[in-house]
**Q** 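What follows is a single structure, and I will ask about it in a moment.
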Amino acid sequence: MRSTVVRSSWTRYEGEPDQAISSAVDLVGEGVTILGGTTSSGVAVQMASFAEENEVLYLSGPAVTDAITGANDYTFRSGRQTYQDVAAAAALVEDLEGETVVAFVQDSEFGESNVAAVENVLGVDVGADVVPIEVPLSATEFTPFAQQVADADPELVFVAWAGDTTPAMWETLEQQGVLDEYAVTTGLAEQATWPLYGPAGPEIDFLNHYFGGAPDNEATS
């Protein structure tokens with residue numbers, strides 16, 4: 001009978017798949033057979049393949065890419081997925097059929113997953129005209145991309161963003177009037193990320209699967 005080694009371990013890999021896989025190789029070499037975590041969709045996709053190849057269990061953590069769902073028999077999602085976020089966003093505007101929706105994302109696995117979900121849910125299912133604006137991960141100046149949003153004149157802006165440039169991105173959208181002119185939505189992550197929204201926070205329509213303190217029941221007491 002194969003033994004299972006479970007150990008708590010924290011590894012910093014800066015969202016880089018190669019570093020994450022290297023860490024996973026070391027852990028499996030030590031006998032660990034259950035791996036979990038990552039907020040990075042790019043890392044999660046690579047970890048799913050690694051889990052199948054090495055016949056270890058992988059719990060994907062909060063990474064939301066739809067590619068994790070049903071990836072293989074060794075990979076299990078432990079949080080929501082992009083499709084669910086986008087489906088919730090459809091309720092923010094009364095009727096999006098024939099209207100323009102901007103998917104404002106980073107040019108990454110995470111961003112591509114969100115564009116695909118917006119196109120499937122709001123484009124195919126609802127009938128909106130989806131305009132992707134994919135911003136390079138290396139970008140630090142976001143005014144030109146905010147202008148692209150204004151040029152599209154959307155009914156809804158769906159933002160999918162992560163990483164160190166988050167405060168600057170939201171500051172730019174706020175300063176360029178995007179948040180005043182258009183309905184803007186994004187997923188609300190854990191409480192530690194809330195300061196990243198800065199003054200833009202009150203102007204965003206957040207999507208959230210759980211908000212601590214909202215329900216008053218035994219499970220949250």
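Being a predicted model, the structure only gives us computed values, none of them experimental.
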**Q** For I21, is there any backbone N or O sitting under 3.5 Å from a side-chain donor or acceptor partner on Q46?
**A** no
**Q** Do T75 and N72 have side-chain atoms, one donor and one acceptor, less than 3.5 Å apart?
**A** yes
**Q** Ignoring hydrogens, what is the shortest heavy-atom contact between V126 and L122? Give both atom names and the distance.
**A** CB-O, 3.3 Å
**Q** Would you confirm whether S23, through its side chain, and Q19, through its main-chain N or O, come within 3.5 Å as a donor-acceptor pair?
**A** yes
**Q** Which residues pass the ring-ring contact (aromatic ring centres under 6.0 Å, His included) test with F206, not counting sequence neighbours?
**A** Y197
**Q** If hydrophobic clusters are built by linking Ile, Leu, Val, Met, Phe, Trp and Tyr wherever their side-chain heavy atoms come under 4.5 Å apart, do V135 and V184 end up in the same one?
**A** yes
**Q** A side-chain contact here means heavy atoms from C-beta on lying under 4.5 Å apart; do E112 and D107 qualify?
**A** yes
**Q** Going hydrophobic residue to hydrophobic residue with side-chain gaps under 4.5 angstrom, can you get from L196 over to F110?
**A** no
**Q** Identify the two heavy atoms, one from L96 and one from V101, that lie closest to each other, and give their separation to 0.1 Å.
**A** CD2-CG2, 4.0 Å
**Q** For the CE atom of M169 and the CD atom of E171, what is their distance to the nearest 0.5 Å?
**A** 11.5 Å
**Q** Please check this pair: side chain of N54 against backbone of V56, looking for a donor-acceptor N/O pair closer than 3.5 Å.
**A** no
**Q** If you measure from CD on Q106 to CD on E134, what distance do you get to the nearest 0.5 Å?
**A** 11.0 Å
**Q** Give me the atom names and distance for the closest heavy-atom approach of T100 to A152.
**A** CG2-O, 3.8 Å
**Q** Does any N or O in the side chain of S108 come within less than 3.5 Å of the main-chain N or O of G111, such that one atom is a donor and the other an acceptor?
**A** yes
**Q** Closest approach of A89 and L156, non-hydrogen atoms and distance?
**A** O-CD2, 4.0 Å
**Q** Spell out, yes or no, whether V45 and F50 are grouped together once hydrophobic residues are joined by side-chain heavy atoms under 4.5 Å, including indirect joins.
**A** no
**Q** For G37, is there any backbone N or O sitting under 3.5 Å from a side-chain donor or acceptor partner on Y58?
**A** yes
**Q** If two hydrophobic side chains count as joined below 4.5 Å and joins carry through other members, does V86 share a cluster with V105?
**A** no
**Q** Could you give the distance from CG (D73) to CG (L57), rounded to the nearest 0.5 Å?
**A** 11.0 Å
**Q** Test of understanding: with side-chain hydrogen bond (donor to acceptor under 3.5 Å, both in side chains), list the residues that count as partners of S60, not counting sequence neighbours.
**A** none
**Q** Hey, mind stepping through F104 and W161 against ring pair (Phe, Tyr, Trp, His ring centres under 6.0 Å) and telling me if it holds?
**A** CA-CA 8 Å; F104 192 81; W161 208 273; 5.6 Å; yes
**Q** How long is the straight-line distance from CD of E119 back to CG of D129, given to the nearest 0.5 Å?
**A** 10.0 Å
**Q** ring-ring contact (aromatic ring centres under 6.0 Å, His included) with F158: which residues, sequence neighbours excluded?
**A** none
**Q** Working to the nearest 0.5 Å, report the span between OG1 of T172 and CZ of F145.
**A** 10.5 Å
**Q** Of all the heavy-atom pairs spanning Y182 and V157, show the shortest one and how long it is.
**A** CB-CG2, 4.1 Å
**Q** So which heavy atom on L173 is nearest to which on A146, and how close?
**A** CD2-CB, 3.9 Å
**Q** Quick one about E141 and T143 (side-chain donor to acceptor, distance below 3.5 Å, no hydrogens or angles considered), yes or no?
**A** yes
**Q** Please check if the side chain of S78 supplies one atom and the backbone of L59 the other of a donor-acceptor pair under 3.5 Å.
**A** no
**Q** Which value, rounded to the nearest 0.5 Å, describes the distance between T186 atom OG1 and N114 atom CG?
**A** 8.0 Å
**Q** According to a hydrophobic-cluster definition based on side-chain heavy atoms being under 4.5 Å apart (Ile, Leu, Val, Met, Phe, Trp, Tyr only), do V43 and L27 belong together?
**A** yes
**Q** Start with the C-alpha gap between F76 and I68, add the side-chain angles, then the distance that decides, and say whether side-chain contact (heavy atoms from CB on, under 4.5 Å) holds.
**A** CA-CA 8 Å; F76 295 85; I68 290 298; over 6 Å; no
**Q** Kindly check if the number of other-residue, nucleotide or ligand heavy atoms within 6.0 Å of CG (D216) is above 12?
**A** no
